[in-house]
Amino acid sequence: MKNKEPIILIVVIFFSLVTYYLVEPFAHGVMHKHVDSENFQYNDLPALTKTGNVANGQELIINAGCVGCHSMEKAGMPAPMDPVMAAQSYGVNPPDLSEAGAVYDAKFLAELIKNPAHALKVEHKFDESKGEMHPMVPFYGMGGDIDQEVADMVAYLQDLAVSPDEVTPAMAFENACGRCHAVGYENWTQIGTKPSFKHEKDSLAFDIKVMEYEESLTKYMGKLPPDLSIYIRSRSEDFLRTFIENPQNHLAGTAMPRVGVTADAADKVLEYMKDSGDTKRHEREEIGKMVMIYIVIFAIFAFLWKKQVWRDLH
């Protein structure tokens, strides 16, 4: 019996690993096709060939009408309408542009300004030949070199924003995902974090605004985008990363647009989702280390005790 113990151990380990493979990685591979990352290079978009002028970009952002839909709170320009009214007008609330230059890829921003449907990869939804125009009006230029003008606007947005290193997970998520997706675990709604209200009627009034916003969003998207509270636990991290990068690679024809974030911003979106979907994960990881140390020490004592028992039997 003693000589068969290593064989039994090997057999148990083998079948445990096979079971794990069938239940975890293989199951994910069957449920979700593998999609290779494009490394957030956006190779289908033209490169910026001009060096942007920040001062001219600021003037263009204002004069081209961007602030007629978008707020830039950091520059002292509030939203022209509240989120509910904006969603009723455009389908979704246009984002604040204060940190756009740090969250979004420069090539994406440039193409978004010139051709929103193409940058967002929703041309199948907004077919100009059928009169189906994207709610964001393309920029046709102000009479000069349009590529230079767009480069100037991107340069201003990058200058206005914090440095990419200063982008927080919450900032990345709210910019890229937070106007369509709620996160109930974080008390986040598509119109912002729900405050604590002293009176129930005020809480209900806020909930009504959220419902009105969601109604407009549902009409615009075709269905209400899901709450992302536990998506990090129901989907693999690789799936979510490549889905953020290009939803069409996973679901051809989906109404979800490509959001155009940088690779670093995508990592921070995932970090936010990890923190919201598993609020105790850091604490659990620390406890896990202690448990593993305990198991190792216990195994050593169990092995020494086993040797002593066999010695006594012989």
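Throughout, residue positions are numbered sequentially from 1 according to the sequence presented.
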*Hey, does the side chain of Thr193 reach the backbone of Asn187 with a donor-acceptor pair shorter than 3.5 angstrom?*
no
_Tell me if a side-chain donor or acceptor on Asp127 pairs with a main-chain N or O of Glu132 at a distance below 3.5 Å._
no
_Going by ring-ring contact (aromatic ring centres under 6.0 Å, His included), name the residues that satisfy it together with His134, two or more places apart in sequence or in a different chain._
Phe126
*Answer yes or no: is there a donor N or O on one side and an acceptor on the other, between the side chain of Gln148 and the main chain of Asp145, under 3.5 Å?*
no
*Determine whether Lys274 and Glu237 make a side-chain contact, defined as any pair of heavy atoms from C-beta on separated by less than 4.5 Å.*
yes
*Hey, quick one: are Met221 and Val210 part of the same hydrophobic cluster, counting side-chain heavy atoms closer than 4.5 Å, chains of contacts allowed?*
yes
*Any idea which heavy atoms bring Ala265 and Val103 closest together, and the distance?*
CB-O, 3.4 Å
*Begin from the C-alpha positions of Gln158 and Tyr104 and carry the test side-chain contact (heavy atoms from CB on, under 4.5 Å) through to its verdict.*
CA-CA 9 Å; Gln158 291 177 326; Tyr104 302 106; over 6 Å; no
_Atom pair CZ (Phe173) and CG (Leu228), whose distance is rounded to the nearest 0.5 Å_ = 5.0 Å
*Check whether Phe298 and Val12 end up in the same hydrophobic cluster, where Ile, Leu, Val, Met, Phe, Trp and Tyr are linked by side-chain heavy atoms less than 4.5 Å apart.*
no
_Ring-face cation of Lys125 near Tyr220 (centre distance under 6.0 Å, axis angle within 45°)_ = yes
*Evaluate whether atom NZ of Lys209 has more than 12 neighbouring non-hydrogen atoms of other residues, nucleotides or ligands under 6.0 angstrom away.*
no
*asked:* With heavy-atom distances below 4.5 Å as the criterion, would you say the side chains of Ile191 and Phe206 are in contact?
replied: yes
*With distance as the sole test, does Thr254 use its side chain to make a donor-acceptor pair with the main-chain N or O of Leu251 at under 3.5 Å?*
no
*Working to the nearest 0.5 Å, report the span between CD of Glu111 and NZ of Lys121.*
10.5 Å
_Looking only at side-chain N and O atoms, does Ser236 offer a donor or acceptor that is under 3.5 Å from a partner on Asp238?_
no
*Shortest non-hydrogen contact from Gly68 toward Pro80*: O-CG, 3.2 Å
*His181-Gln190 side chain donor-acceptor pair, cut-off 3.5 Å*: no
*Is there a donor-acceptor contact under 3.5 Å from the side chain of Asn63 to the main chain of Glu59?*
yes
*Crowding at NZ, Lys219 (>12 non-hydrogen neighbours, <6.0 Å)*: no
*asked:* Using 0.5 Å steps for rounding, measure from the CD atom of Glu149 to the CE atom of Met142.
replied: 7.0 Å
Atom pairs and distances, side-chain donor-acceptor, residues 40-49, under 3.5 Å, sequence neighbours left out:
{"from": "Gln41", "atom 1": "NE2", "to": "Asn39", "atom 2": "O", "distance (Å)": "3.1"}
{"from": "Tyr42", "atom 1": "OH", "to": "Val261", "atom 2": "N", "distance (Å)": "3.2"}
{"from": "Tyr42", "atom 1": "OH", "to": "Val261", "atom 2": "O", "distance (Å)": "2.6"}
{"from": "Asp44", "atom 1": "OD1", "to": "Arg258", "atom 2": "NH1", "distance (Å)": "3.0"}
{"from": "Asp44", "atom 1": "OD2", "to": "Arg258", "atom 2": "NH1", "distance (Å)": "3.4"}
{"from": "Asp44", "atom 1": "OD2", "to": "Arg258", "atom 2": "NH2", "distance (Å)": "3.1"}

_Donor-acceptor contact below 3.5 Å, side chain Ser71 vs main chain Glu73_ = no
*With side chains defined as the heavy atoms from C-beta onward, is the minimum distance between Met153 and Cys66 less than 4.5 Å?*
yes
*asked:* Can you see whether Glu200 engages Ser203 through a side-chain donor-acceptor pair at a distance of less than 3.5 angstrom?
replied: no
*Taking side-chain hydrogen bond (donor to acceptor under 3.5 Å, both in side chains) as the test, write out the residues that go with Asn115, two or more places apart.*
none
*Count the heavy atoms of every other residue, nucleotide or ligand shown that sit under 6.0 Å from CE of Met77, and state whether that count exceeds 12.*
yes
*asked:* Between Val35 and Ile232, is there shared hydrophobic-cluster membership here, with clusters defined by ILVMFWY side-chain heavy atoms closer than 4.5 Å?
replied: no
*Could you tell me whether Asp264 and Lys268 make a salt bridge, using a distance below 4.0 angstrom between a side-chain N and a carboxylate O?*
yes
*Lys114 vs Pro138 side-chain heavy atoms within contact, under 4.5 Å*: no
_Donor-acceptor contact below 3.5 Å, side chain Glu99 vs main chain Val162_ = yes
*Hey, quick one: are Met81 and Met72 part of the same hydrophobic cluster, counting side-chain heavy atoms closer than 4.5 Å, chains of contacts allowed?*
no
*Ring geometry between Phe243 and His250 (parallel below 30°, tilted from 30 to 60°, perpendicular above 60°)*: tilted
*Derivation and outcome, side-chain contact (heavy atoms from CB on, under 4.5 Å), residues Val259 and Cys177*: CA-CA 8 Å; Val259 292; Cys177 316; 5.7 Å; no
*N-O pairing of Asp152 and Lys50 below 4.0 Å*: no
*Ignoring hydrogens and angles, state whether a donor on the side chain of Asp96 or Ser98 is under 3.5 Å from an acceptor on the partner side chain.*
yes
*Should the heavy atoms of other residues, nucleotides or ligands under 6.0 Å from CG of Leu224 be counted, would the total exceed 12?*
yes
*Check the pair Tyr272, Val183 against side-chain contact (heavy atoms from CB on, under 4.5 Å), reporting the backbone distance first and the verdict last.*
CA-CA 10 Å; Tyr272 176 88; Val183 184; 4.1 Å; yes
*Counting only N and O atoms by type, is there a donor-acceptor contact under 3.5 Å from the side chain of Tyr213 to the main-chain atoms of Gln88?*
no
*With the 4.5 Å side-chain cut-off for hydrophobic clustering, are Phe301 and Ile293 part of the same group?*
yes
*With distance as the sole test, does Asn175 use its side chain to make a donor-acceptor pair with the main-chain N or O of Met171 at under 3.5 Å?*
yes
